[in-house]
Amino acid sequence: MQSLDRAFALLEIMAEAGGEASLSQLADASGLPLPTIHRIIRTLVGNGYVRQLPSRRYALGPRLIGLGDKASQMMSTWARPHLAQLVEDLGETANLAMLDGDKVIYVAQVPSPHAMRMFTEVGRRVLPHSAGVGKALLSQLTDEEALATVQRTGMPAATDRTIVDPDTFVAELHRIRKDGFAIDDGEQEIGVRCVAVPVDGAPSGMAVSVSGPEARVHWDFVSRAAPIVQRCATALAADLNNQG
């Protein structure tokens, strides 16, 4: 069991480092001795979960792709009834997202029935500072952790409404924690508004959201939608923790 724990820890260190790392990086981050790391990495390479690069660094291997695809499919299947209920209640596209390294990845979606609707491809990765789900996810971290994340990714302006100042961003995280929901007010895409809520209590960081055109997702809609999205997040957390 200890070897399994260590193997997973090394894979997570590689993922957090952008997908590849040297033995010395793995040793520094894990605190494990080099002979132990080398033995575990050799086993992971032999099974296709890690590959050795020409530079002699190590990278996540191709067998993880199949595992990730299957996990994503299962996540979508599990979340779909909850997202479908959100769409039925509010009439706008519902999304589930997670942090993937320093970026946000959309892992499930149920589209709005409206002809004009928001569509984000499942598997798409975005910077967290300009997305409602990203801000909701970062609100689950400490200010220091959240700032370190956006300092690594940068805070480019996707629109003229994007928050690009770190102090303003921290103040926004405080508001999200106080109110229990995040808003993307045209910060990622002009004319689009989003209400997002962190899934507190989930085994890993998740956020659920509804998004649509500003003409429909007006501020009265936001006030009505926030508690409904919060209830969905609570149900998602309870359902996920009851799996198995």
Side-chain angles (χ1 to χ4, degrees), residues 1-80 95-109 121-128 133-134 137-138 140-142 144-154 198-207 236-244:
M1 292 302 294
Q2 186 182 56
S3 293
L4 276 176
D5 288 341
R6 289 173 169 177
F8 286 128
L10 294 176
L11 291 172
E12 289 178 1
I13 290 168
M14 282 189 204
E16 291 173 2
E20 64 177 74
S22 66
L23 284 177
S24 60
Q25 285 177 303
L26 293 172
D28 289 342
S30 68
L32 296 173
L34 277 171
T36 299
I37 293 173
H38 194 266
R39 184 177 67 254
I40 294 171
I41 289 294
R42 195 166 57 238
T43 299
L44 292 172
V45 169
N47 285 283
Y49 296 112
V50 169
R51 58 194 174 92
Q52 188 172 23
L53 303 175
S55 64
R56 302 192 65 79
R57 291 166 64 85
Y58 291 91
L60 298 177
R63 287 198 69 182
L64 292 173
I65 296 172
L67 292 176
D69 286 344
K70 182 58 66 176
S72 179
Q73 292 171 15
M74 293 182 68
M75 184 71 70
S76 181
T77 299
W78 157 75
R80 188 173 181 83
N95 301 286
L96 182 69
M98 302 178 68
L99 276 178
D100 181 31
D102 287 338
K103 291 188 176 181
V104 173
I105 181 171
Y106 289 89
V107 295
Q109 181 183 85
E121 183 180 359
V122 171
R124 180 188 177 198
R125 289 169 171 80
V126 299
L127 297 180
V133 285
L137 286 163
L138 291 189
Q140 296 178 296
L141 307 179
T142 66
E144 293 75 17
E145 291 170 331
L147 278 177
T149 299
V150 297
Q151 285 166 356
R152 288 190 295 267
T153 62
V199 182
D200 289 328
S204 57
M206 298 180 183
L236 280 165
D239 194 4
L240 185 57
N241 281 305
N242 286 332
Q243 295 296 307

Non-hydrogen atoms of Gln109 and Arg80 that approach each other most closely: O-NH1, 3.6 Å
Intermediate values then yes/no, side chain to side chain contact (heavy atoms under 4.5 Å, CB included), Val104 and Leu99: CA-CA 5 Å; Val104 173; Leu99 276 178; 4.0 Å; yes
Nearest-0.5 Å distance that lies between atom CG in Leu60 and atom CD in Glu12: 10.5 Å
Glu144 CD to Gln151 CD distance, which is reported to the nearest 0.5 Å: 10.5 Å
With Glu20, the side chain to side chain donor-acceptor pair (under 3.5 Å) member among Gln52, Arg57, Arg51: Arg57
Leu138 to Pro128 - nearest heavy-atom pair and separation: CD1-CB, 3.8 Å
Interatomic distance, Lys103 atom NZ to Thr153 atom OG1 [nearest 0.5 angstrom]: 8.5 Å
Test log, rule side chain to side chain contact (heavy atoms under 4.5 Å, CB included), inputs Ile41 and Met14: CA-CA 11 Å; Ile41 289 294; Met14 282 189 204; 3.5 Å; yes
In a table with atom names and distances, give each donor-acceptor pair under 3.5 Å that connects a side chain of residues 28-38 to protein atoms at least two apart or in another chain.
| residue | atom | partner | partner atom | Å |
| --- | --- | --- | --- | --- |
| Ser30 | OG | Leu26 | O | 2.6 |
| Ser30 | OG | Leu32 | N | 3.1 |
| His38 | ND1 | Arg42 | NH1 | 2.9 |

Taking every non-hydrogen atom, the tightest pair across Leu127 and Gly154: CD1-O, 4.5 Å
For Val126 against Tyr106, the heavy-atom pair lying closest together: CG2-CE1, 4.0 Å
